[in-house]
Structure formats: C-alpha cells, structure tokens
2 protein chains.
Amino acid sequence: MTTKPATTTGTTIKPSGAQRKTRQRAAVEEILSDRHDFRTAQQIHDDLRHHGERIGLTTVYRTLQLMSDAGDLDAIRTGDGETAYRRCSTGHHHHLVCRTCGRTVEVSGPAVEQWANAVAEQHGFREISHDLEIFGTCNTC
Amino acid sequence: MTTKPATTTGTTIKPSGAQRKTRQRAAVEEILSDRHDFRTAQQIHDDLRHHGERIGLTTVYRTLQLMSDAGDLDAIRTGDGETAYRRCSTGHHHHLVCRTCGRTVEVSGPAVEQWANAVAEQHGFREISHDLEIFGTCNTC
DNA sequence: AGCCTTAATGAAAATGGTTCTCATGTCGGT
DNA sequence: ACCGACATGAGAACCATTTTCATTAAGGCT
C-alpha cells in the first residue's frame with residue numbers, strides 16, 4: 001500500500017459526502033421503527049442477530065451515532081454507563097423502571113414538562129430539554 | 001489460618017459495621033466541602049494528590065460511592081460516560097445544567113415529587129425514587 | 001500499652017462499553 | 001464492467017470503573 005501510482009485519469013475530486021444505502025443501515029433503522037423503547041447498541045445488535053441479520057457490532061455503534069448526530073434519535077445514558085437510543089418520537093414521555101426486574105412503563109405528564117420549562121426560564125435558560133427517570137419496585141417483585 | 005483455636009473468651013459476636021475514620025476518607029470529604037461543583041473521581045484524586053495527600057484512586061472511587069449511597073453526595077453522569085459527584089445540599093433537588101458552559105443551578109419542586117410518586121403508585125410500584133435533569137442554554141451562552 | 005478482630009487501603013489485574021484500525025466489501029456513477 | 005470512495009466488521013485499543021487480594025491500621029478490649 002505504500003506505492004501510490006499516481007492518480008491518472010480523473011483529477012476531479014468528488015466530495016460527495018452522500019450516505020450510501022446499505023442493508024445494515026436499513027436494518028438498524030427498521031428495528032428502531034418497530035420498537036419504541038430505549039435500547040442500547042448491544043441490545044439492538046442482539047435483536048438484529050435474532051432476526052437473522054448479519055451485522056457487526058461496530059456498525060451498529062456507528063450507525064446509531066450517525067443517526068443520533070443527525071437528530072433522528074434520542075440518546076440517554078443509563079446508570080450503568082451505557083448509552084440507550086430511541087427513535088425520536090413526536091410524543092415526549094418518561095420511564096418508570098423496576099429496579100429489580102427491569103420492567104419499563106412509559107408515562108407522561110404535562111405537569112412536569114411545564115414545571116421544568118417554567119423553572120428553567122426563571123433562571124434564564126433557553127432551548128430547554130430534560131430527562132426524567134422514575135425508579136421503583138414493581139408489583140411482582 | 002485453617003486452625004481455629006476456639007473463641008475462648010467472648011463468644012459475643014460483634015457485628016460492628018461501624019465505619020472507621022481514616023485519613024483518606026477525611027481528605028475526600030474535605031475536598032468536597034471546599035469545592036461545590038461537580039467533579040469526577042479522577043479529578044478529585046488529582047486534587048488530593050496536588051494537596052500532597054497520599055491516596056489511591058481505588059479508595060477515591062470507593063469513598064465516593066459510599067458517600068453517594070449514604071445520600072451525602074449527588075451523582076450525575078457526564079456525556080462522556082464519566083460519573084461526577086458533588087456534595088449534596090440538605091434537601092432533595094434536581095439540576096438545571098447549561099449544556100454549553102456546564103453551569104449548574106439547583107432547583108426543587110414538590111410538584112414533581114408528588115407527580116412522580118403518584119404515577120408510580122398507580123402502576124403498582126413501591127420504594128419510589130427518581131432522577132431529573134433539566135438541560136438548556138443559559139443566559140450568558 | 002499491647003492484642004486482636006476486622007474494616008480500609010491500594011497496586012495490579014479484570015471488566016465492559018465504546019471507539020479505533022485497517023483490510024476487505026460494496027455502492028453508484030461513468 | 002470499472003473504479004474510487006464510502007461502508008463494513010473482526011479484533012485490538014481505550015478508558016473509566018470494579019474486583020482481587022495481600023497488607024495496613026482503626027478502635028474496642030483486657
């Protein structure tokens with residue numbers, strides 16, 4: 001690879017930059033359309049493998065990061081230091097998580113949203129967003 | 001150590017469980033009293049070393065975790081996947097964080113607490129706790 | 001003061017999620 | 001079909017944190 005035999009023909013540089021449509025990328029996007037909950041890169045990787053998809057873990061990480069950067073995904077960090085992604089849904093909601101069995105319930109409440117916005121504005125903050133996770137022990141645990 | 005020559009005198013079992021007061025633990029507590037901003041375990045370790053303290057990184061991690069479990073410290077996770085700690089002011093509260101400069105304001109509101117508890121109970125959850133972080137761009141950014 | 005039990009310490013190794021490397025595969029325009 | 005550039009993926013590298021385990025020292029007891 002050390003030999004660089006001159007760029008003969010086209011000196012035309014193509015910046016392109018366009019993203020290519022690949023099987024793997026489509027698979028990741030599809031899974032995220034099906035499931036509406038937060039999932040880590042590794043969970044998504046497992047899901048895809050179970051669906052019979054051949055895809056590398058690295059590619060999953062890369063794709064999720066690309067999508068997140070592009071604003072197509074929401075990302076949160078779990079208490080374990082993992083990053084979980086979710087399709088950026090129009091509706092905003094929070095999670096009620098059982099700290100024993102991990103069961104998750106989606107909840108939402110305008111009260112919290114309003115409160116968060118009001119408080120933030122009082123302090124002169126703009127472009128407000130927030131993360132809220134509720135933990136507890138569920139019925140069956 | 002295999003020989004167990006009988007517990008002659010006191011058969012009294014001492015569960016003790018009391019925490020011992022050590023130089024290292026005191027040093028960590030002192031640093032956290034001085035600085036009111038969020039700092040990672042490694043930053044605190046560096047701080048202590050610069051102060052001339054001899055302390056291992058492991059001990060810093062352990063001590064911070066103990067204090068956090070005891071409710072003496074607030075812990076948040078940075079975007080880099082690091083955990084940052086700060087001395088906890090008395091009451092329960094949340095954080096309003098500027099996503100540009102990192103400035104942090106403590107906020108609290110009974111409304112959220114009540115809402116979180118109510119929602120969780122509706123779903124049959126017990127021993128409820130929650131994390132709430134509000135993000136925004138502050139005045140000066 | 002000396003003993004003794006046990007928590008605490010810390011250096012090094014292990015862990016585990018995420019990122020980097022680089023050889024190979026494949027998309028898409030010509 | 002050709003070709004250059006982007007995409008893929010297996011494995012290595014990274015890095016914060018945790019675990020291991022031999023050693024140190026706190027603090028109650030006599």
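Just so it is clear: chains get the letters A, B, ... in the order the sequence lines come, proteins before strands, and each one is counted from 1. From a predicted model like this one, the values you see are computed outputs, not experimental measurements.
In terms of heavy atoms, H130(A) sits closest to A116(A) at ND1-CB, 3.8 Å.
L132(B) is not connected to F38(B) by any chain of hydrophobic side-chain contacts under 4.5 Å among Ile, Leu, Val, Met, Phe, Trp and Tyr, and they are in different clusters. At a threshold of 4.5 Å between side-chain heavy atoms, the hydrophobic network of Ile, Leu, Val, Met, Phe, Trp and Tyr places L96(A) and I128(B) in one connected group. In the hydrophobic cluster analysis, where Ile, Leu, Val, Met, Phe, Trp and Tyr join through side-chain heavy atoms closer than 4.5 angstrom, V107(A) is grouped together with V112(B).
Place G56(B) and E82(A) on DNA chain C by their nearest nucleotides, and G56(B) ends up nearer the 5' end.
Taking atom CD of residue Q19(B) and atom P of nucleotide dT6(C), one finds them 17 Å apart after rounding to whole Å. For the pair D80(A) CG and dT18(C) P, the computed distance is 10 Å after rounding to whole Å. The nearest whole Å value for the distance from the CD1 atom in I44(A) to the P atom in dT18(C) is 11 Å. Atoms CD (E53(B)) and C1' (dG10(C)) sit 15 Å apart, rounded to a whole Å. L64(A) has its CG atom 10 Å from the P atom of dT18(C), to the nearest Å. Taking atom CG on D69(A) and atom P on dT19(C), their separation rounds to 10 Å, with Å as the unit. Remark: C1' of dT9(C) and CZ of R54(B) are 10 Å apart, rounded to the nearest angstrom. Protein atom NZ of K21(A) is 16 Å distant from nucleotide atom C1' of dG29(C), rounded to whole Å.
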What pairs of nitrogen or oxygen atoms, one from the protein and one from nucleotides 18-20 of chain D, lie under 3.5 Å apart?
from    : atom 1 : to     : atom 2 : distance (Å)
dT18(D) : OP1    : Q65(B) : OE1    : 2.9
dT18(D) : OP2    : Q65(B) : OE1    : 3.2

Where do N or O atoms of nucleotides 22-24 of chain D meet protein N or O atoms at under 3.5 Å, pair by pair?
none

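Regarding contacts with the backbone of dA8(C), every side-chain N or O of Q24(B) stays at 4.0 angstrom or more from both OP1 and OP2. OP1 or OP2 of dT9(C) has at least one side-chain nitrogen or oxygen of R25(B) nearer than 4.0 Å.
As judged by a 4.0 angstrom heavy-atom cut-off over every strand, T83(A) is placed among residues touching the sugar-phosphate backbone only. Within the nucleic acid shown, R77(A) has no heavy atom closer than 4.0 Å to any nucleic acid atom.
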Result block: side-chain N/O donor-acceptor pairs under 3.5 angstrom for residues 51-71 of chain B, not counting sequence neighbours:
from   : atom 1 : to     : atom 2 : distance (Å)
E53(B) : OE1    : R23(B) : NH1    : 3.4
Y61(B) : OH     : Q42(B) : NE2    : 3.2
T63(B) : OG1    : T59(B) : O      : 2.7

Test salt bridge (charged side-chain N to carboxylate O under 4.0 Å, His left out) applied to R35(A) and D47(A), step by step:
CA-CA 10 Å; R35(A) 302 186 130 273; D47(A) 291 346; 3.8 Å; yes
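The side chain of R20(A) lies closest to dC27(C) when the candidates are dC27(C), dT17(D), dT9(C). Minimum atom distance to the side chain of T59(A) is reached by dT8(D), of the listed dT18(C), dT8(D), dC6(D). In the set dA8(C), dA7(D), dA16(D), dA16(D) carries the atom at the smallest distance from any side-chain atom of Q42(B).
Counting only N and O atoms by type, the side chains of T83(A) and R77(A) include a donor and acceptor under 3.5 Å apart. Of the N and O atoms on the side chains of H45(B) and R39(B), not one donor lies less than 3.5 Å from an acceptor on the other residue.
Around CD of E30(A), the count of heavy atoms belonging to other residues, nucleotides or ligands within 6.0 Å does not exceed 12.
The aromatic rings of W115(A) and H94(B) stand perpendicular to each other, their planes meeting at an angle above 60°, with 30° marking the opposite boundary.
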